[in-house]
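Here's the structure, in structure tokens; my notes come after.
Please read all numbers here as calculations on a predicted model, not as lab measurements. Protein chains get the first letters and strands the later ones, always in sequence-line order, with residue 1 at the start of each.
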Amino acid sequence: MTWILLKLLRALVTMGLVLTFVFFVLRLSGDPTLVLLPDDVDQATREFYRAKWGLDAPLWEQYTSYLRALLQGDFGISFRNNIDAFQVVWDRVPKTALLGGTAIAIALLIGMPLGVLAAVYRDSWLDRTVMSIAVFGFSMPNFFLGILLILIFSLKLRVLPSSGSGTWAHLIMPAATLGTGFAAQIARYTRSSMIDVLSKPYMRTARSKGAGLTRRVSQHALPNASVPVVTILGIKVGEMLGWAVVTETVFAWPGIGRLLTSAVASRDLAVVQCIMILLAFTMVAANMVVDLVYGWLDPRVRVGARAQA
Amino acid sequence: MLFSAENLSVEIDRPLRDPVSPVRGVSFSLDAGMTLALVGESGCGKSMTCLAIAGLLPKRGRISGGALKLDGQDLCALPENEAQALRRRHLSSVFQDATGGLNPVRSIGWQVAEAVRLRKGATRHEAQAEAVRLLGRVGLPDPERRAREYPHQFSGGMNQRAMIALAIAGNPRLLIADEATTALDVTLQAQILDLIADLRSSLGMGVIFVTHDLGLVAQTADRVAVMYAGRIAERADVADLFAAPRHPYAHGLLSSLPERQAQGGRLATIPGTVPPIDALPGGCAFAPRCPRVSDRCGQEMPELALGAACHHPLPPGRAAATIREREFS
Amino acid sequence: MSALDRPALPARRWVWLATLSRLPVMVSVAAGFMLLMLFVTVFAQVIQPYAFDHVDLMNRMTPPVPLAGATWAHPMGTDTLGRDLFSRLLVAAQTSMLLSILGTCLGAVMGIALGFLAAHKGGLWDEVIMALVDFQAAMPWFIIALAILAFMGNSMAVFIAIMGLYGWETYARITRGLVLSAREQGYALAVRGLGAKPRRVYLHHILPNIAGPLIVQLTINFPNTILFETSLSFLGLGIRPPMTSLGQMLGEGRDYLINAWWLAVIPGLVIFLTTLSMSVLGDWLRVKLDPSLET
Amino acid sequence: MTALLRAEDLRKSYQVGRGGLFRRARRFNAVDGVSLTLNRGETLGVVGESGCGKSTLSRLVLGLSPHDSGEITFDGAPLPDEGSDDWRHLRRRMQLVYQDAAGALDPRQSIGTQIAEPLKIHNLPPERAEQALADVGLPQAMAARHPHELSGGQLQRVVIARALTLEPELMVMDEPVSALDVSIQAQIVNLIQDLQQARGMAYLFVSHDLSIVHHVADRVAVMYLGQVVEEAPKAAFYTRALHPYSKALLAAVPVPDPATRGRAAPRIGDPPNPAAPPTGCRFHPRCPHATEQCRVEAPALRDFGGRRAACHRIEELSQ
Amino acid sequence: MLKRLKTFLAATALSLTAVLPAAAQDDRPDLTVAVNNLPDSLESIEEMGNVAVRITYSMFDSLIRRDFLADGSGTASKLVPGLAESWTRIDDRTLELTLRQGVTFHDGSELTSDDVVFSFNAGRGHGYDPLIGGAKRFMLTVSHIEPVDKYTVRVVSKEPDVLLEQRLAGYAFWVVENKSYLTMGKDAFARKPVGTGPYKMDEWVDGEYIRLVSHDDYFGGKPTAKSVTFVQVPEVSARIAGLVSGEYDIAVNIPPDQIPVIEGYDDLKVEQIVLDNTHMLVFFNDGPTAHKEVRQALSLAINRDLLREALWGGKNYTPNGHQLPSYVMYIEDYPAFEYNPEKARQILAECNCYNGEEIVYKLPLNYYLLSLEAAQAMQQMWREVGLNVTLQPVENWSQVRDPDQPVNIRPWSNTHRLPDPTGSFVPQWGKESDIQNDAQKPVRSWQAPERFNALQDTIITATDWDARQAAYREALDIWTDEAPGTMLYNPLETYALRRDIGWKPYALYYMDLRPYNLTFGDAPNN
């Protein structure tokens with residue numbers, strides 16, 4: 001149990017650092033009333049709102065009261081529309097989760113099998129083809145791929161909607177855009193991990209038992225090879241969140257990423273902070289989930305063992 | 001005769017270069033309940049021979065000639081799947097790195113049970129019970145509990161025992177032990193050797209025992225094949241070899257053992273180093289290092305005759321200890 | 001000892017130069033493209049036919065050459081203000097390359113230095129540096145960068161600092177691991193046992209031996225940095241007018257996707273080809289320099 | 001004459017894994033109270049199985065890793081602090097050769113550069129490099145090569161040559177021939193012995209191979225789980241070992257003589273986890289002669305006329 | 001006389017709306033509008049931005065309605081009855097209005113004078129949390145509104161105000177439902193307002209869309225769409241792509257460059273209008289631009305014709321002076337803004353006050369349509385007369401106005417909210433204005449001549465139109481000479497929509513979706 005506590009403690013420290021960092025960087029960056037209030041509002045009005053949003057107190061006090069509020073689950077009020085900031089953010093979570101989840105599913109369902117095939121048939125034409133596609137896949141900038149897809153499927157062929165999130169048809173292009181690079185990376189990692197595992201002595205043992213190729217791959221190699229892939233998956237969550245912002249912007253997908261860009265543009269401090277904390281929490285949580293999965297996949301992971309990146 | 005290798009050759013393809021032959025025309029035979037030791041220095045082809053027999057050659061490797069006869073059936077002549085089925089039923093291997101040879105994410109019991117199922121086609125439940133029995137048979141205390149544990153929870157010796165349990169699942173007739181005790185401490189090694197000997201006699205297995213340690217050969221083998229550069233240099237009964245090696249290489253090896261030296265004196269040595277497998281000299285591969293070399297050796301490959309592949313073998317029955325050192329300097 | 005701990009391939013320092021003549025086609029093409037990009041980076045101002053910001057309102061959005069209505073005066077056409085797209089592309093590529101090189105180098109230098117420090121000092125130093133690494137890794141840096149740039153306002157210094165901070169933790173982690181394992185085994189230990197001072201051990205022995213994996217990491221990181229820069233500029237938060245970068249051009253061109261698709265597609269293609277070339281080169285280098293890291 | 005090297009009650013522990021939030025990390029005593037002496041020109045063989053602490057010991061006595069407690073004196077003076085100038089100067093007098101010769105050489109530098117490196121470090125005349133290469137029987141042409149172009153035996157010669165350039169008084173040989181083939185092993189053993197005769201160096205010869213130690217050593221110390229359980233002149237040890245572990249060890253060695261077959265291997269079970277050594281006598285769970293006293297009380301290393309052993313029951317068993 | 005005419009017109013308008021055929025029943029289409037942004041609040045008194053009035057115009061009605069389509073242009077400023085059937089001037093400070101009877105709010109309650117009084121009095125407006133004073137500026141002269149009986153109210157101004165009727169037809173004078181406002185509270189009401197308009201709130205998903213559904217009891221007839229959804233699509237290309245792929249029926253805020261694209265599709269068309277809004281430049285009284293001559297040169301160097309031609313396809317215009325042709329007292333012969341680089345150079349040479357110092361033009365990104373493009377083009381124009389202008393695009397206004405950083409020029413836009421200088425010129429440039437009282441850094445304030453400010457008083461309070469016009473002309477002269485800023489052009493607002501939708505845009509950002517301006521199928525006004 002100790003190591004779970006330790007993990008939690010580390011996570012808490014990291015979270016604390018993140019939110020402190022975010023708080024100070026954002027607070028030090030200028031006066032939100034200048035953005036949020038109309039251009040020609042008088043000074044008294046500005047003061048009123050500064051007081052209302054708690055921007056008039058000394059920075060240190062703002063910080064402590066912010067922390068105090070956070071501990072009570074209060075993320076503050078969105079400056080823009082007076083709604084609970086957490087609510088504003090939380091409303092968008094399902095959309096981003098749907099997009100990210102689909103992208104991860106695409107990545108795993110396409111990337112893993114391709115990586116396995118490439119490794120098993122190493123140096124064959126299949127391997128070379130898969131790996132070439134993978135290099136293309138992860139070199140392709142997300143925003144460029146998105147734009148090309150829009151150009152082809154929305155503007156030329158007029159078959160898929162280019163923006164919004166109403167139906168499953170809306171999901172296709174954003175998820176494909178977000179999932180492609182990811183799938184390519186997963187394919188590469190799976191391949192290298194599989195190649196590593198396939199050369200391990202226990203694979204020879206399995207062969208000497210008379211286990212067939214399918215059995216060797218599915219029962220012996222894959223459980224071992226998926227361990228580093230899962231780790232990578234955890235690490236890549238953060239990267240994916242970044243890409244999600246871009247993808248959501250390109251496809252006007254109303255998720256966290258879009259909320260972030262608009263909140264950032266309008267200096268909605270409470271919302272931006274809430275998003276940052278949520279994202280950092282997601283990454284920390286993802287890493288913990290990875291640790292758990294890791295332990296489940298690999299019995300060697302024991303007390304205090306530290307996952308190697 | 002349980003098993004024989006006849007003129008076995010192995011080729012390994014290399015990218016952008018000519019293939020190499022780490023095993024070139026190796027022949028030996030083995031009866032049930034007997035131990036044959038394959039001995040030689042690193043790179044002599046002994047492990048590759050084992051892999052060829054077990055059908056575990058690396059992807060680029062293949063048997064390029066000869067026959068492998070198990071109960072008279074030639075594994076090389078059979079279709080691939082039939083040969084593999086025969087191997088699966090009758091043949092198994094134990095390798096040096098037991099801990100690496102076990103799958104780290106599967107329990108010991110699962111792995112042994114899998115071998116049982118693959119070899120005998122038992123049900124999951126039966127296989128599990130059989131696995132526990134086998135683990136007990138190889139001397140693991142509390143096999144019920146141990147079966148649920150993973151390789152990393154075992155010591156090296158326990159893992160080697162588990163590997164042996166895995167290897168004897170389904171009562172194979174031929175066991176290949178490739179440097180099976182090399183990584184173990186001497187006190188453990190002795191015990192594992194005892195275990196293998198015990199199993200051999202109780203199960204009536206033939207054992208091919210691959211090692212570089214002449215001490216082990218002396219202690220375990222009935223017959224010995226000394227390999228050098230992919231070929232058998234000498235093939236003899238163990239007592240004969242140690243009493244009077246006929247091939248100069250075998251003789252050199254034995255002489256360089258500290259046990260066979262006068263105390264405090266210099267050790268006998270074989271000058272030079274083993275040639276790389278892709279740059280063998282013409283004729284006898286040992287010729288450049290051989291004290292008995294003649295012109296003929298550089299041109300003509302010696303055939304294995306009367307147990308030694310040498311144009312100038314040492315006379316039979318002559319005690320090795322009496323050979324004077326100057327012959328090798 | 002895992003495969004990662006093993007020292008890099010022995011003394012093949014110049015072998016890759018010798019094998020340059022028999023490179024795979026893909027690698028040669030990629031290398032050629034990167035050389036072209038480097039040439040542009042250095043000489044953009046020399047080869048540009050027009051000033052990149054020269055506005056010509058009467059010649060707006062002329063198409064690139066193979067298309068109808070194109071002129072050789074503007075082989076890639078002009079943008080919404082009649083500026084020569086080819087010239088802009090040169091300068092944009094220059095900016096993006098410079099920023100990415102600068103960012104990569106900053107990150108690498110910082111990461112490698114901290115990695116060495118953590119490995120050398122150990123103890124509290126190590127703990128603190130690794131905590132920073134964990135912290136950096138736990139932050140969605142792209143998103144933080146976005147917020148910082150939007151809130152702090154964009155200045156070149158801030159932008160470069162943010163790019164430099166991107167990815168340093170990977171270098172730190174890798175360097176620390178490599179140094180620790182290199183130091184604990186073999187040659188480094190032996191040289192220390194001969195009485196060499198740490199400086200000699202690190203500079204003469206460890207650094208050359210871990211350079212391979214680090215260079216490989218550099219090649220992995222570089223395309224990411226390009227994407228980082230272009231993504232931010234694409235979102236309008238990085239390089240901004242009147243300056244230009246590839247991402248900024250693409251972002252600007254996005255609004256004209258329907259009537260002037262080339263405004264977005266040409267810079268997008270250049271970004272794609274750059275990252276692709278770098279990845280191809282990186283893969284090849286990785287096999288050459290550090291077989292243990294093959295992915 | 002003072003001993004060249006003297007170690008008193010040396011202890012060294014390593015941390016196993018990471019500590020928990022509410023628990024301190026377990027420590028593993030790799031070397032636990034070892035005392036030994038080595039005279040000039042003498043060879044002390046240290047034998048034991050993997051994990052017994054013999055390699056750790058070899059690094060401790062050289063000062064290459066700091067010890068937790070105890071005392072090491074070299075030529076009458078305590079070892080200076082690791083990394084200090086004195087410590088660095090002392091390198092000239094004591095050198096290490098160990099099993100992994102390929103690892104001990106920088107893969108990126110030529111043999112010549114590497115052999116000359118200690119001379120550069122200590123400002124010694126560069127000619128010594130050539131001499132050293134000749135001393136280990138390698139042609140001068142080797143100097144231009146890189147490590148990956150050499151065979152295992154040649155690499156080990158290079159490592160020895162590099163150590164020789166400093167003309168040390170003490171060489172610690174940690175399994176110097178274990179990785180080599182039998183025929184090459186013999187070459188290196190001969191070389192090591194020749195050098196000792198020529199230069200009068202003292203060797204601390206660490207090995208798991210009892211026959212090689214038998215061949216090279218003057219005295220033998222047996223280690224078990226971090227402790228010396230027996231120390232004796234070679235002849236006495238090989239003819240009549242006192243400690244039950246020494247006996248088991250000797251009995252387990254496969255003798256290359258088929259005539260000796262049929263000896264039963266000592267059934268002493270698997271070694272315990274070194275990180276959690278047994279109480280009392282550390283050998284007691286595997287000892288056929290263990291008593292209640294052995295379980296509880298750790299035996300001291302006692303003197304038996306020129307030899308030492310740590311066992312409660314030596315008197316009874318030797319009768 | 002005037003009063004009677006208005007009543008007549010109002011009656012005609014009413015009869016016209018009544019005569020309009022009732023729209024189809026359940027098969028009315030759902031309308032989807034892709035908008036660049038959604039507002040944060042729908043409380044019209046608080047949120048008066050472009051993105052808000054576009055939506056609130058469909059949810060509320062004003063007492064008097066400005067009929068933009070009176071001449072079919074979308075820029076007309078004719079006043080017609082709204083919620084008030086008729087109105088009469090009691091004196092020059094009091095206007096009495098008679099409410100239409102039987103008008104129902106979205107919640108089913110009937111419109112009475114209580115609602116009107118509440119909408120403009122202390123409960124809301126000035127009295128209630130009046131801090132965001134978007135509305136306050138247009139109510140400047142209004143003292144209070146009082147009920148006479150259930151269907152009659154009186155609007156009283158503090159001073160004589162000839163524009164009272166126009167004000168009532170303008171921004172923010174939308175009537176809300178009294179009781180629900182008080183029960184819900186302002187914040188909740190801002191999310192789900194209750195008005196009399198043709199469409200009522202259905203669902204609001206922040207950052208995604210606002211969906212309104214038909215208010216079938218609308219007094220102006222049954223709305224022609226079953227629902228109207230405003231979908232937030234900030235990117236131009238995405239709006240167009242969505243329109244092309246059939247997701248949206250109307251896309252707003254289309255840059256002029258995209259017009260040929262839209263026209264390239266058979267099933268799409270564009271509707272354009274030049275807005276009652278002028279893109280401006282403000283020259284701060286700070287650094288090089290503290291010199292009047294530099295400011296004049298900056299203005300003279302701008303080739304407005306070229307900018308309009310290149311950026312706006314020549315479809316918009318630059319006003320002659322700070323006024324619009326639709327102004328009641330439009331000065332038709334007022335000279336246009338001059339483009340004369342020669343003269344600019346000459347002024348600079350003669351004044352001896354400018355030696356190539358850096359002039360900083362800071363502009364917020366993505367704020368005014370094409371402002372960045374215009375800025376880059378103008379930079380080159382300025383360079384040609386020797387003015388060294390640096391462009392600094394920034395994130396937001398606070399960076400533009402950062403008191404610690406140099407800034408000499410910033411972009412601006414002036415909306416002409418009333419067809420009169422008091423609707424724009426006076427509040428934006430007068431003595432109370434931010435231009436003359438820079439809150440960030442007072443030294444940047446325009447030091448307007450006293451005469452200018454005195455003339456402003458006349459414009460506000462005089463009731464004699466000729467006196468007002470004379471004062472206005474003189475003020476414009478001073479303004480042009482002093483050049484605290486200059487005008488560029490009025491932007492063109494372009495809507496792209498399905499060809500079978502009949503709908504016309506207005507010169508303000510209102511989207512009028514009332515039955516008379518929204519038809520499907522064979523459009524009568526097409």
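Other residues, nucleotides and ligands contribute over 12 non-hydrogen atoms within 6.0 Å of the CZ atom of C:Phe142. Surrounding CZ of C:Phe33 are more than 12 heavy atoms belonging to other residues, nucleotides or ligands, all under 6.0 Å away.
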Inset, instruction - Please lay out, stage by stage, how A:Glu239 and C:Leu227 fare under the test side chain to side chain contact (heavy atoms under 4.5 Å, CB included). - result: CA-CA 12 Å; A:Glu239 201 175 287; C:Leu227 291 183; over 6 Å; no
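With respect to chain A, the highest number of heavy-atom pairs below 4.5 Å among C:Leu269, C:Thr274, C:Val280 belongs to C:Leu269. When the candidates C:Gly251, C:Ala147, C:Pro223, C:Gly247 are compared by the number of heavy-atom contacts under 4.5 Å with chain A, C:Ala147 comes out ahead.
At a 4.5 Å heavy-atom cutoff, C:Ser277 makes no contact with chain A through either its backbone or its side chain. Using a 4.5 Å cut-off between heavy atoms, C:Leu232 makes no contact with chain A at all. Contact of C:Phe234 with chain A is made through the side chain alone, with heavy-atom distances under 4.5 Å. Contacts between A:Val250 and chain C at a heavy-atom distance below 4.5 Å involve backbone atoms as well as side-chain atoms. Of the atoms belonging to C:Leu235, it is side-chain heavy atoms, and not backbone ones, that fall under 4.5 Å from chain A.
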Anything under 3.5 Å between a donor and an acceptor, one on a side chain of residues 128-152 of chain A, the other on a protein residue two or more places apart or in another chain? List them.
from     : atom 1 : to       : atom 2 : distance (Å)
A:Arg128 : NH1    : A:Asp123 : O      : 3.0
A:Thr129 : OG1    : A:Trp125 : O      : 2.5
A:Ser132 : OG     : A:Arg128 : O      : 2.7
A:Ser139 : OG     : A:Val135 : O      : 2.8
A:Ser139 : OG     : C:Ser279 : OG     : 3.3
A:Asn142 : OD1    : A:Thr247 : OG1    : 3.0

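With sequence neighbours left out, the salt bridge (Lys or Arg N to Asp or Glu O under 4.0 Å) criterion links A:Asp127 to A:Arg191.
Relative orientation of the C:Trp141 and A:Phe21 rings is tilted, given thresholds of 30° and 60° on the angle between their planes.
For the atom pair CE of A:Met276 and CD1 of C:Ile143, the computed distance is 7.0 Å after rounding to the nearest 0.5 Å.
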